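Okay, so here's the structure we're looking at.
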2 protein chains.
Amino acid sequence: MKAGTDLAQIASLVGDPARANMLAALMGGTALTASELAMEAGVTLPTASAHLARLSDGGLLRMTRQGRHRYYALADHQVAAMLESIMGVAAALGPRKVLPGPRDTAMREARICYDHLAGEAGVAMFDAFAGRGLIAIDGDDVNLTDKGAGFFSGFGLDIEAMRGKRRPVCRSCLDWSVRRSHLAGSLGAGMLDRFIALKWARREKNSRVIRFTPPGRAAFEKMLRADEGRTGA
Amino acid sequence: MKAGTDLAQIASLVGDPARANMLAALMGGTALTASELAMEAGVTLPTASAHLARLSDGGLLRMTRQGRHRYYALADHQVAAMLESIMGVAAALGPRKVLPGPRDTAMREARICYDHLAGEAGVAMFDAFAGRGLIAIDGDDVNLTDKGAGFFSGFGLDIEAMRGKRRPVCRSCLDWSVRRSHLAGSLGAGMLDRFIALKWARREKNSRVIRFTPPGRAAFEKMLRADEGRTGA
DNA sequence: TTCATAGTTCGATGCTAACCAAAGTATGAA
DNA sequence: TTCATACTTTGGTTAGCATCGAACTATGAA
């Protein structure tokens, strides 16, 4: 009985269209202001404000004030993973659109999942790193190997800084589009940042789609295959 | 915008206390009749009937008629996994009860997750099998090895029959209590069945808790450690 | 200070949906 | 056929909550 109550409490927070749209927007990973989220949800500011208060009270959102702005973001990765899993069920049993539009295809290929790369590209990267021994998989735990630390440092990531943080460096995250794991954690986030900094890929405006440039895609795939694909800076 | 709508649609189905209690009850893995679910949710039969219709229409439940009974069960494993992930968020940010009661402790140790073993025991089993090369982990894919096929057949499972079904033999399922994977799929379900048949463990009445008997626990742990722990029948 | 922007709080409205009782349908047993 | 059980449908009530406009607070800029 109690399990059901907890379940309902969390689910009902997600179960309102306005709130769900806000949460979906925040799956993009960037923190957004109350006004932006109001736009996103298609409601007025007062309404949005009330929703945001409920989501924050419920523990799904984290808020930081900056001047006269209030930036809202998903509370943590567990919340993001939960939303992905709900989206997964929705996608599985709601192929209302027969043909997956170009947008959906792009989402399946590469998208942002909170702050790291997901979709086929994300899964391919995860598998490649594991296969080359850059990360070690033990059950659901994923750990950086010595070899991996060297490689990723060479790629431009500050591994030491990542280790200092509370957030795990490596984590696997289940992918609804392919039902396999991809790389999350600060390493996953860092890699995506690098891809964008290197102009291998860019985020599509107002969407979670990640678009690789043709040369970026080539460089990305070369990197997956072998060490000489490294592009130091 | 569309993503949010889908999200809300599914989440709102779970977001009602009566429905959530029904779903939580069905996480036990056994199919239940409409009357039983009405009891579970604390509502009258007509109300329950309406809820069950909505859950079925929404694709979260599967119904089979048997005489004048209607048995309801979760639609598939993806739905079960989604519910676990929502429960995970609820558990993480809702430690309203400061002390985890004995019930919660037992749930963390060993519980049923739809039809297979979860909790610390489930995770330990998953890790042990992986460590001994009985299953091979590749990203989120889990596959039975030849060595594993031999071992599990010796343990009393009909591996060939499992391979004939559409359901995957091995699958990993993320565990909210320990944040690691445990073994799902028909192999996971089959193992739990064996444990119960061997009287190593039994299901606690009206709960998802799995209780190991003292000799059962010992046999279970011996099995995890080495091949000679095998208890053919 | 004064004005503007960002956000919250308040009060009122209206819609949705959860709920139950009673009547209706279907299946099985006598 | 008749009765009982299991469930669904219908109709009507009620409660919750999403929504908005208007007033209020707080931060920053002129």
Side-chain angles (χ1 to χ4, degrees), chain A residues 1 4-26 30-75, chain B residues 1-26 30-73:
Chain A
M1 188 83 182
T5 312
D6 292 351
L7 201 58
Q9 222 155 27
I10 301 297
S12 68
L13 285 176
V14 187
D16 172 82
R19 284 194 295 267
N21 278 308
M22 292 175 174
L23 292 169
L26 290 172
T30 49
L32 298 170
T33 64
S35 322
E36 288 169 323
L37 288 166
M39 284 288 296
E40 199 70 42
V43 293
T44 61
L45 240 181
T47 305
S49 181
H51 284 308
L52 291 169
R54 291 193 56 179
L55 288 170
S56 300
D57 286 351
L60 262 47
L61 256 41
R62 182 167 41 78
M63 189 261 286
T64 58
R65 348 169 72 105
Q66 219 164 98
R68 51 184 162 181
H69 293 277
R70 273 152 195 231
Y71 281 93
Y72 290 88
L74 298 184
Chain B
M1 190 82 185
K2 188 183 158 297
T5 311
D6 292 352
L7 200 58
Q9 221 154 28
I10 300 297
S12 68
L13 286 175
V14 188
D16 172 80
R19 285 193 294 267
N21 276 309
M22 293 176 174
L23 292 169
L26 291 172
T30 51
L32 298 170
T33 64
S35 322
E36 288 170 320
L37 288 166
M39 285 288 296
E40 200 70 42
V43 294
T44 59
L45 240 180
T47 305
S49 183
H51 283 308
L52 290 169
R54 289 193 55 180
L55 288 171
S56 300
D57 287 352
L60 262 46
L61 294 186
R62 184 169 37 80
M63 189 260 287
T64 58
R65 349 168 71 103
Q66 218 163 96
R68 51 184 160 181
H69 293 276
R70 271 152 198 234
Y71 283 93
Y72 290 89

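To find a chain, count down the sequence lines: A is the first, B the second, and so on, and within it residues start at 1. From a predicted model like this one, the values you see are computed outputs, not experimental measurements.
The CG atom of B:L55 sits 12 Å away from the P atom of D:dT8 (whole-angstrom rounding). Rounded to whole Å, atom P of C:dT8 lies 13 Å from atom NE2 of A:H69. In this structure, CE of A:M63 is placed 14 Å from P of D:dA26, rounded to the nearest angstrom. Residue B:N21 contributes atom CG, which lies 14 Å from atom C1' of C:dA18 at whole-angstrom precision. A:D57 places its CG atom 12 Å from the P atom of C:dT8, with the value rounded to the nearest Å. The interatomic distance linking B:L32 (CG) with D:dC7 (P) rounds to 11 Å, in whole Å.
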| note | Nucleotide by nucleotide, nucleotides 9-20 of chain D touches protein heavy atoms under 4.0 Å in the pattern (B base, S sugar-phosphate only, - none) B-------SSSB
| message | Using a 4.0 Å heavy-atom cut-off to protein, can you give one letter per nucleotide of nucleotides 25-30 of chain C, 5' to 3': B if the base is in contact, S if only the sugar-phosphate is, - if neither? | response | --BS--
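In terms of the side-chain contact (heavy atoms from CB on, under 4.5 Å) criterion, residue partners of A:A48 (sequence neighbours excluded) are, by chain and number, A:M22, A:A38, A:V43. Applying the side-chain contact (heavy atoms from CB on, under 4.5 Å) criterion to B:R68, with sequence neighbours excluded, gives no partner residue. The side-chain contact (heavy atoms from CB on, under 4.5 Å) test applied to B:S12 returns no partner, not counting sequence neighbours.
Backbone-only contact: B:Y72 has heavy atoms under 4.0 Å from sugar-phosphate atoms and none from a base.
Residues B:V14 and A:V14 are not in side-chain contact: their nearest non-hydrogen atoms beyond the backbone lie 4.5 Å or more apart. Residues B:P17 and A:T5 are not in side-chain contact: their nearest non-hydrogen atoms beyond the backbone lie 4.5 Å or more apart. Counting heavy atoms from C-beta outward, A:L60 and A:L74 have side chains that stay 4.5 Å or more apart. In this structure, B:L13 and B:L23 have side chains that are not in contact, with every pair of non-hydrogen atoms separated by 4.5 Å or more.
For residues 44-53 of chain A, the side-chain hydrogen bond (donor to acceptor under 3.5 Å, both in side chains) pairs, not counting sequence neighbours, are A:R19-A:H51, A:T44-A:T47.
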